Asker: 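Would you mind keeping the following structure in view while I ask a few things?
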Number of protein chains: 2
Amino acid sequence: MSHSMYACLMTVDREQVLRTAAALLTRKATATMDEVARAAGIGRATLHRHFAGRDALVRALEALGLQECEAAVAAARLDEDSAEQALRRLIAEVEPVSGLLAFLVTENQLFEGEQVNEGWARIDAAVAALFRRGQERGEFRIDLTPAWLTEAFYGLVGSCAWAVQDGRVAGKDFPYMIAELLLGGARRSVEK
Amino acid sequence: MSHSMYACLMTVDREQVLRTAAALLTRKATATMDEVARAAGIGRATLHRHFAGRDALVRALEALGLQECEAAVAAARLDEDSAEQALRRLIAEVEPVSGLLAFLVTENQLFEGEQVNEGWARIDAAVAALFRRGQERGEFRIDLTPAWLTEAFYGLVGSCAWAVQDGRVAGKDFPYMIAELLLGGARRSVEK
DNA sequence: ATCGAATGAGACATTGATGTCTCAGAAGCG
DNA sequence: CGCTTCTGAGACATCAATGTCTCATTCGAT
């Protein structure tokens, strides 16, 4: 049995477990390691073999979310077209990660003093740069700082993810509602 | 020593402890009962005498936040003036509670199945009614549902509270940033 | 100043989650 | 089939937070 095959199987399992854990923890942030294991259809011991502990699991989830966010940012081609079109692409790309993202945001509040993965700074910078580009192009109003617009973006994505999960808004409207609300606010209005 | 004087003193202490607990838990949602007690400058035993347990403390905080939110809603007079002005008043009134509100929102996600205080439904209804009124008056666009606008309102308030607390945005701009972003999106634009 | 209530500090048992370990069984491979 | 590896279940020990209790002290009212 070759190492590569092992690695492949392990990786697939890891990936699957992570997905399930993400889905569960998004719904119930305080889920037990045992609950996570049950949800993933594996034993607690096996879960421990893959992830040294709860911290490691959360870190792995953070890495997964970060990776997918970076992929979303890359796929959205934030520096092409108008800033508005780029933002719409970003929202659409980020939708599948929104639940995990919402979980990680609340989880990061617990880390408090601990260092957060520096990867998020890159995402932040990319999103803020998009808003700045929109301002420089005259598309977006300049009285709302890119930093605030970035925060608002995260906030709306998280709120919408949770609202959808809770059945308060329709999931199919996700991209439209966020884009319209955020763009309507960010886009310069002729009547101002 | 009369009962009423006892009650008075107790209430004052309770209030102060609750404020401190709110401030601490807003920053660190996982703070220990001991940490809460230290922060309030009292002993753990005393804290326990006032609030039977952590649950009771959180419930009391929920009651406090709810009470202040209802006061904010009442003070904002949501059914007077234009919907826009009413919304601006609401945002201004809600600002002092925003931190506690953000904490309670994330905390409520943990309650999961358990019943949430029905008082929040009243707040939700009042805010949603404001957005509906704005739509009926032709001030707000009708393609974004009141339910979503209400969610977005909470999301932006929470995001802003956290961003301010983290120093990413200036606290003095709180009302302006939320109002402008939310209204800009909710307000019907002539170019649409 | 004195009495009674409230407090703070600490000891203690309890609970729940975690992490580690073992062992028998299943699944892969030759 | 026989071997190795991985897995699942469970039995522990550990640890942190919680809740309860006692007791000496402090505070406030009279």
Side-chain angles (χ1 to χ4, degrees), chain A residues 1-22 24-62 103 106-107 109-114, chain B residues 1-22 24-62 103 106-107 109-114:
Chain A
M1 186 178 281
S2 72
H3 276 49
S4 63
M5 290 188 68
Y6 264 129
C8 176
L9 286 174
M10 295 276 291
T11 304
V12 171
D13 281 348
R14 242 185 91 103
E15 187 83 8
Q16 184 56 34
V17 169
L18 272 182
R19 299 284 173 187
T20 312
L24 173 61
L25 289 175
T26 297
R27 289 195 307 272
K28 183 180 178 181
T30 59
T32 291
M33 289 293 276
D34 192 72
E35 293 178 277
V36 172
R38 302 282 171 180
I42 64 177
R44 200 164 65 97
T46 305
L47 179 62
H48 258 281
R49 282 183 198 108
H50 287 334
F51 306 97
R54 192 168 220 286
D55 272 8
L57 178 63
V58 172
R59 294 307 173 113
L61 280 174
E62 185 181 31
F103 161 71
T106 69
E107 195 75 6
Q109 294 179 338
L110 310 185
F111 282 0
E112 189 155 13
E114 297 185 47
Chain B
M1 189 176 280
S2 72
H3 277 49
S4 63
M5 292 189 67
Y6 264 129
C8 174
L9 286 174
M10 294 278 292
T11 304
V12 170
D13 281 349
R14 242 184 91 102
E15 187 83 8
Q16 184 55 35
V17 169
L18 272 182
R19 299 283 173 188
T20 312
L24 173 60
L25 289 174
T26 297
R27 289 195 308 272
K28 183 181 178 182
T30 59
T32 290
M33 289 292 276
D34 192 72
E35 293 178 277
V36 172
R38 302 282 172 180
I42 64 176
R44 201 165 65 95
T46 306
L47 178 62
H48 224 276
R49 281 183 198 107
H50 286 334
F51 307 97
R54 191 168 222 286
D55 272 9
L57 178 62
V58 172
R59 294 306 175 115
L61 280 173
E62 184 182 30
F103 162 71
T106 69
E107 195 76 5
Q109 293 179 340
L110 309 184
F111 282 2
E112 190 156 12
E114 298 184 47

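Please read all numbers here as calculations on a predicted model, not as lab measurements.
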Asker: Measure CG/B:Asp13 against P/C:dA5 and give the value in whole Å, please.
Answerer: 18 Å
Asker: Can you list the residues that meet the side chain to side chain contact (heavy atoms under 4.5 Å, CB included) rule with A:Arg38, with sequence neighbours excluded?
Answerer: A:Asp34
Asker: Give the rounded distance in Å between these two atoms: CG of B:Leu25 and P of D:dA17.
Answerer: 14 Å
Asker: Is the shortest heavy-atom distance from the side chain of B:Met33 to the side chain of B:Leu57 under 4.5 Å?
Answerer: yes
Asker: Expressed as a whole number of angstroms, how long is the span from B:His48:NE2 to D:dC21:P?
Answerer: 11 Å
Asker: Decide yes or no, distance alone: a donor-acceptor N/O pair under 3.5 angstrom between the base of C:dG19 and the side-chain of A:Arg54.
Answerer: no
Asker: What is the distance from CG of A:Asp34 to C1' of D:dC12, rounded to the nearest Å?
Answerer: 16 Å
Asker: State which of D:dA9, C:dT20, D:dT18 makes the closest approach to the side chain of A:Arg38.
Answerer: D:dA9
Asker: Which heavy atom of A:Glu35 sits nearest a heavy atom of A:Thr30, and at what distance?
Answerer: OE1-O, 4.4 Å
Asker: Can you tell me the distance, in whole Å, between the CZ atom of A:Phe51 and the P atom of D:dT7?
Answerer: 12 Å
Asker: Quick one: B:Leu47 CG to C:dG10 C1', roughly how many Å, whole number?
Answerer: 16 Å
Asker: Reckon A:Arg44 touches a base, only the sugar-phosphate, or nothing at all at heavy-atom distances under 4.0 Å?
Answerer: base
Asker: Send over the distance from A:Asp55 CG to C:dA17 P, rounded to a whole Å.
Answerer: 17 Å
Asker: With distance as the sole criterion, do the side chain of B:Arg49 and the base of D:dG19 form a donor-acceptor contact below 3.5 Å?
Answerer: no
Asker: Of all the nucleotides listed (C:dC21, C:dT7, D:dG19), which has the minimum atom distance to the side chain of A:Ala45?
Answerer: C:dC21
Asker: Give me the atom names and distance for the closest heavy-atom approach of B:Phe51 to B:Val17.
Answerer: CE1-CG1, 3.9 Å
Asker: Heavy atoms from C-beta onward define the side chain here; which of C:dT20, C:dG10, D:dG8 lies closest to that of A:Ile42?
Answerer: D:dG8
Asker: If you check every side-chain atom of B:Thr46, which of D:dA17, C:dT7, C:dT18 has the closest atom?
Answerer: C:dT7
Asker: Can you give me the closest heavy-atom contact between A:Arg14 and A:His50, atom names plus distance?
Answerer: NH1-O, 3.6 Å
